[in-house]
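Encoded as structure tokens, the structure appears first; notes follow it.
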Amino acid sequence: MAPKKPVKVLLGSTTLACLSAGVIAVAGVASGTEGTGATASVAAVGKARPALTFSSLDGPVTPDEIKSFTAYIKTLTPAADNIGNQWAQGHSGEDTKAMGLVYEVSADRAILDRMIVFCDAVLSERNDLAKRPVGQHVLWTGKVDPAWPNDVTTKPVGTGGEQGDPVGHLANCARLILRTPALWQTPVTTGDPHGYGATYLDRAKRFVAEADTAVDRHILARLLDVSKGNRQYFAADSPYKGGQPVPWNQQMMFDYAFQNLAIAHQLLGDDPKRVKRYDALVQSSVDWFFSSVRTYTDPAGRPAYDWGYAPATNGKEDNNHGSLDCAGLYRAYLSGRYKITPAMLAPLANTFVDVMSKPPHHYAGKIDGTDGAGNSAPTDYVRSGWLLMAEFRPDAYQKLMNANFPKRTTTADDQFSRALMLKSRRHKTQG
């Protein structure tokens with residue numbers, strides 16, 4: 001992500017510094033990408049929000065769990081801009097992803113409606129669409145590009161991997177609408193305050209079109225160089241990591257956008273060339289990751305992985321970014337489009353369970369089992385991307401779920417939503 005100055009963010013009774021070379025720890029979700037970082041207990045922040053409650057940590061997802069989530073998201077307010085990466089792994093970004101996951105599990109229309117409200121907001125805040133002071137900033141490209149700058153005080157105003165997430169939110173919401181044809185001709189329950197389309201189908205089409213615009217006029221036009229076999233590098237003249245390979249966690253943000261756009265266009269049946277193009281970009285990213293990891297035998301005799309923060313870097317990825325890497329790969333796996341198998345993801349689970357987990361409640365800050373500072377500091381909870389890997393270590397499922405939810409509650413919607421997805425898939429497999 002593009003460098004930026006510290007921004008103070010008030011989280012309930014807790015004030016933390018958000019840095020683009022830094023991390024916000026939000027109710028157990030580490031938001032941000034690189035740098036000094038912060039860690040927190042799951043129960044330490046987010047006290048102002050209602051608790052998300054599990055009926056049980058196993059079995060089917062229950063109506064009460066969905067009611068708990070719908071009550072929670074009613075209290076959420078979309079961010080006013082992307083300063084501090086609020087739409088990219090910050091509060092509103094994680095909220096929007098959580099809504100998408102729980103809608104997939106539940107098909108509860110109230111959740112989709114709330115997700116649309118958030119996607120309306122993020123689209124309206126795009127640099128070329130929003131009025132000053134949110135928008136109309138000349139970026140490092142020399143233009144008022146369709147992007148979501150995370151700091152408008154730097155000169156030039158930079159962009160980076162955070163650009164993938166807002167596009168991903170729009171495309172993901174569109175995908176979910178397009179997979180619910182019974183809603184297509186129905187007026188959107190929350191209305192159309194921005195003129196983005198009165199019906200659900202109209203809104204989905206607008207989200208896809210505007211997501212494509214951000215890709216066509218900024219991400220692929222200027223920010224990324226994908227000329228080397230579709231592998232993601234930052235453009236040579238980018239003020240952020242110019243000419244360097246895109247770090248894995250940031251590739252997962254771009255993949256989030258490309259993957260959902262590919263599916264949305266396929267469902268629309270309107271642009272086979274775009275489907276092929278977007279899928280090729282994700283496939284190249286996935287292939288690059290798995291060709292770069294080092295496989296070894298862990299202390300339990302199982303295969304595990306070692307990898308670094310970015311392609312061609314040494315191993316010892318940190319806990320925070322490793323979680324983001326896992327979440328992105330799991331998302332690609334669920335799509336069924338990119339040749340990812342359970343056998344390919346199991347070593348990620350083994351890395352966490354066999355190498356990083358230190359009883360009773362210590363999870364190493366690096367994937368080799370050692371600790372550091374910042375993003376490499378240990379945690380006393382399981383970050384949500386690692387939690388998803390329990391699907392590939394069913395023997396560790398109860399241990400990891402109980403580590404995060406000993407009282408069957410949380411105030412972190414990234415944790416809750418991913419646990420519901422995990423729980424739902426586990427129940428269907430066992431059933």
Side-chain angles (χ1 to χ4, degrees), residues 61 63 65-67 69-74 76-78 87 92-93 95-126 128-130 146 165-216 256-279 331 334-337 413 417 420-421 424 428:
V61 173
E65 289 168 336
I66 302 305
K67 289 178 183 178
F69 185 78
T70 55
Y72 178 93
I73 61 176
K74 287 178 181 178
L76 304 178
T77 302
W87 287 106
S92 288
D95 294 340
T96 308
K97 289 177 184 176
M99 293 174 205
L101 285 170
V102 181
Y103 179 72
E104 288 204 76
V105 169
S106 68
D108 188 304
R109 183 169 157 183
I111 296 171
L112 179 63
D113 288 340
R114 194 68 183 142
M115 186 180 185
I116 289 171
V117 169
F118 272 62
C119 287
D120 280 355
V122 72
L123 177 55
S124 72
E125 294 162 19
R126 200 174 69 189
D128 61 319
L129 299 177
D165 267 8
V167 177
H169 302 327
L170 295 173
N172 189 31
C173 189
R175 174 185 68 87
L176 294 172
I177 293 171
L178 293 170
R179 294 182 69 174
T180 316
L183 291 177
W184 287 0
Q185 304 308 322
T186 304
V188 176
T189 305
T190 54
D192 187 19
H194 299 280
Y196 294 153
T199 67
Y200 285 91
L201 180 59
D202 290 340
R203 196 71 60 89
K205 288 181 176 179
R206 182 64 179 272
F207 286 167
V208 170
E210 296 294 352
D212 284 336
T213 295
V215 171
D216 292 347
Y256 174 47
F258 298 144
Q259 170 186 321
N260 281 294
L261 278 171
I263 299 170
H265 278 294
Q266 187 171 58
L267 291 168
L268 285 168
D270 65 341
D271 199 334
K273 290 184 178 179
R274 279 193 185 271
V275 175
K276 184 176 180 180
R277 175 65 162 151
Y278 290 144
D279 274 339
R331 182 166 52 236
L334 289 185
S335 76
R337 300 174 77 88
D413 58 0
S417 60
L420 288 189
M421 175 62 75
S424 174
K428 290 176 181 178

Exercise. Taking the side chain as every heavy atom from C-beta outward, state whether Val102 and Ile73 have any pair of such atoms under 4.5 Å apart.
Key: no
Self-check item: Asp165 side chain near Lys97 side chain, heavy-atom distance below 4.5 Å
Solution: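 They are in contact (side-chain heavy atoms under 4.5 Å apart), so the answer is yes.
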Not counting sequence neighbours, which residues clear side chain to side chain contact (heavy atoms under 4.5 Å, CB included) with [X]? List them please.
X      : value
Leu123 : Arg126, Leu129, Leu170, Tyr196, Phe207, Glu210
Glu104 : Arg175, Leu176, Arg179, Met421
Asp108 : Ile66, Thr70, Ser106, Ala110, Ile111
Ala130 : Val134

Distance in Å, [X] [atom1] paired with [Y] [atom2], rounded so as to fall on 0.5 Å steps:
X      : Y      : atom1 : atom2 : answer
Leu201 : Leu178 : CG    : CG    : 6.5 Å
Asn172 : Tyr103 : CG    : OH    : 11.5 Å
His265 : Lys276 : NE2   : NZ    : 16.0 Å

Which heavy-atom pair separates [X] from [Y] by the least distance, and what is that distance?
X      : Y      : answer
Ala198 : Asp192 : N-OD2, 3.6 Å
Val167 : Ala211 : CG1-CB, 3.7 Å
Asn260 : Ala171 : CB-CB, 3.6 Å
Ser92  : Thr96  : O-OG1, 2.7 Å

Sequence-distant partners of [X], salt bridge (charged side-chain N to carboxylate O under 4.0 Å, His left out), two or more places apart:
X      : value
Asp270 : none
Asp202 : none
Arg114 : none

Quiz item: Stepwise, does the side chain to side chain contact (heavy atoms under 4.5 Å, CB included) test hold for Phe69 with Leu101?
Solution: CA-CA 11 Å; Phe69 185 78; Leu101 285 170; over 6 Å; no
Quiz item: Got a salt bridge between Asp271 and Arg277, using NZ or NE/NH1/NH2 to carboxylate O under 4.0 Å?
Solution: no
Quiz item: Out of Val208, Leu261, Asp216, which residue meets the side-chain contact (heavy atoms from CB on, under 4.5 Å) rule with Arg274?
Solution: Asp216
Please identify each residue that fulfils side chain to side chain donor-acceptor pair (under 3.5 Å) with [X], with sequence neighbours left out.
X      : value
Thr189 : Arg109, Asp113, Tyr200
Ser335 : none
Arg337 : Gln266, Asp279

Quiz prompt | Check: Ile177 main-chain N/O paired with Trp184 side-chain donor or acceptor under 3.5 Å | solution =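 Pair found, side chain donor or acceptor close to backbone of Ile177.
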Practice problem: Only counting residues at least two apart or in another chain, list the ones meeting ring-ring contact (aromatic ring centres under 6.0 Å, His included) with Phe118. | Solution: none
Quiz item: Which residues pass the ring-ring contact (aromatic ring centres under 6.0 Å, His included) test with Tyr256, sequence neighbours left out?
Solution: His169
